[in-house]
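Step one of this worksheet: look at the structure below.
Everything numeric in this text was worked out from a predicted model, so none of it was measured.
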Amino acid sequence: MTVRFIFEQPQGRASRFSVTCVRGFSCVLMLAGSLLSLPARAAEAPPHGLDRHAGPPARAQGSTSAEPSLDSLETELAHAATARGARDLLGRIEQLRLKDLAPTTTLLVRRAQDDLDAQRPLDAEQDMDDALLLQPDVEVLWRNRAQARLAAANPDGAVADLGVALHHDGRDVMAWQILQETEAQRGDWQAAWKAWQHVVELEPTIPDAAHQTEQLRLKAFGQPT
């Protein structure tokens, strides 16, 4: 699986931050074959997604129900009947995770993705460091930095970030999947096996799950006697 993502290093943050805000950026987030792009106009939204001078957001005509919560969508994902349905739910879940990003944070995340695409994982880590300084309570930023650290051959740092991400949301199937890959890179196959159990529990329609489960079981516990 291609690992794409983000962060580290506090030196020179003020000067680097000013450069960050004027460079171009691309979109982030791809895992398990799903490309989850940031909204194209996210940088133009007012802070926290609300205009102080605007009225409450208009409901679609005929709409009576509130937007589903992250918890309810994750529950739906755990009971998805088809791979297509699971993909749709993952997309909606990622949009909810990104909705509270401030415009400046969004720019930093896009900059980090550019750095990863250009094979500069340490620069991506730095960008995500800056993003986390702005919004340390946003789970997806910790997950992104973990992916950058994994790309930079720092699996121990990735595990630390994933611990924070999963503390925020223990049902983030993407975080568990990255953790499984990270533990495999560290050679801790029993930890990789345990992380994978969460993946298949939270997303039962994941492709080729039975084969992956058997491969990890053999690496973690060996051939049965």
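Expressed to the nearest 0.5 Å, how far CZ of Arg217 lies from NZ of Lys219 amounts to 13.0 Å. Leu162 CG to Glu139 CD: the interatomic distance, rounded to the nearest 0.5 Å, is 9.0 Å. Summarising the geometry, atom CD belonging to Gln212 is positioned 4.5 Å from atom CH2 belonging to Trp196; distances are rounded to the nearest 0.5 Å. One finds the CG atom of Leu96 at 6.0 Å from the CG atom of Leu70 (value rounded to the nearest 0.5 Å). Taken to the nearest 0.5 Å, the CG atom of Leu150 stands 11.0 Å off from the CG atom of Asp161. In this structure, OG1 in Thr106 is found 4.5 Å from CG in Leu101, a value given to the nearest 0.5 Å.
Under 4.0 Å is where a charged nitrogen must lie from a carboxylate oxygen, and between Arg92 and Glu67 no such pair does. A salt bridge is defined here as a Lys NZ or Arg NE, NH1 or NH2 lying under 4.0 Å from an Asp or Glu carboxylate O, and Glu74 with Arg97 meets this definition. Salt-bridge formation is not detected for the pair Asp156/Arg149: no Lys NZ or Arg NE/NH1/NH2 atom is positioned less than 4.0 Å from an Asp or Glu carboxylate oxygen. One finds no salt bridge joining Asp114 and Arg110 here, because no Lys/Arg side-chain nitrogen approaches an Asp/Glu carboxylate oxygen to under 4.0 Å.
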Practice item. Output, in order, the C-alpha distance, side-chain angles, deciding distance and verdict of side-chain contact (heavy atoms from CB on, under 4.5 Å) for Thr105 and Val138. Key: CA-CA 10 Å; Thr105 311; Val138 178; over 6 Å; no
Review point. Hey, mind stepping through Ile206 and Gln177 against side-chain contact (heavy atoms from CB on, under 4.5 Å) and telling me if it holds?
Key: CA-CA 11 Å; Ile206 193 166; Gln177 194 157 0; 3.8 Å; yes
Exercise for review: Give the intermediate values and the outcome of side-chain contact (heavy atoms from CB on, under 4.5 Å) for residues Arg186 and Glu183.
Suggested key: CA-CA 5 Å; Arg186 295 206 304 176; Glu183 295 293 13; 3.0 Å; yes
Exercise for review: Decide side-chain contact (heavy atoms from CB on, under 4.5 Å) for Glu201 and Val199; before the verdict, give the C-alpha distance in whole Å, the side-chain angles of both, and the deciding distance to 0.1 Å.
Suggested key: CA-CA 5 Å; Glu201 178 184 351; Val199 173; over 6 Å; no
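No side-chain donor-acceptor contact under 3.5 Å links Trp142 to the backbone of Asp137. Panel note: side chain Gln147, backbone Ile178; no donor-acceptor pair is recorded below 3.5 Å.
Contact of the Asp130 side chain with the Arg111 side chain is not registered, since no non-hydrogen atoms from C-beta on lie closer than 4.5 Å. Residues Val140 and Glu94 have side chains in contact (heavy-atom distance under 4.5 Å, counting atoms from C-beta outward). In this structure the side chain of Leu179 never reaches within 4.5 angstrom of the side chain of Glu181, judged on heavy atoms. Annotation: side chain of Thr205 is not in contact with side chain of Thr82 (no heavy-atom distance under 4.5 Å).
For the residue pair Thr75 / Arg171, a side-chain donor-acceptor distance below 3.5 Å is found, with atom types taken as modelled.
When all heavy atoms are compared, the tightest approach of Glu203 to Ala86 is OE2-CB, 4.1 Å. When all heavy atoms of Thr182 and Pro155 are compared, the closest pair comes out as CG2-O, 3.4 Å. What you find for Ala158 and Ala146 is that their closest heavy atoms are CB-O, 3.4 Å. Nearest approach of Gln135 to Asp100, heavy atoms of both residues: NE2-O, 2.9 Å. For the residue pair Ala192 and Ala184, the shortest heavy atom distance occurs at CB-N, 3.9 Å. Ala80 and Leu89 get closest at one heavy-atom pair: CB-CD1, 4.3 Å.
Under the 30°/60° scheme for interplanar angles, the aromatic rings of Phe221 and Trp193 are found to stand perpendicular.
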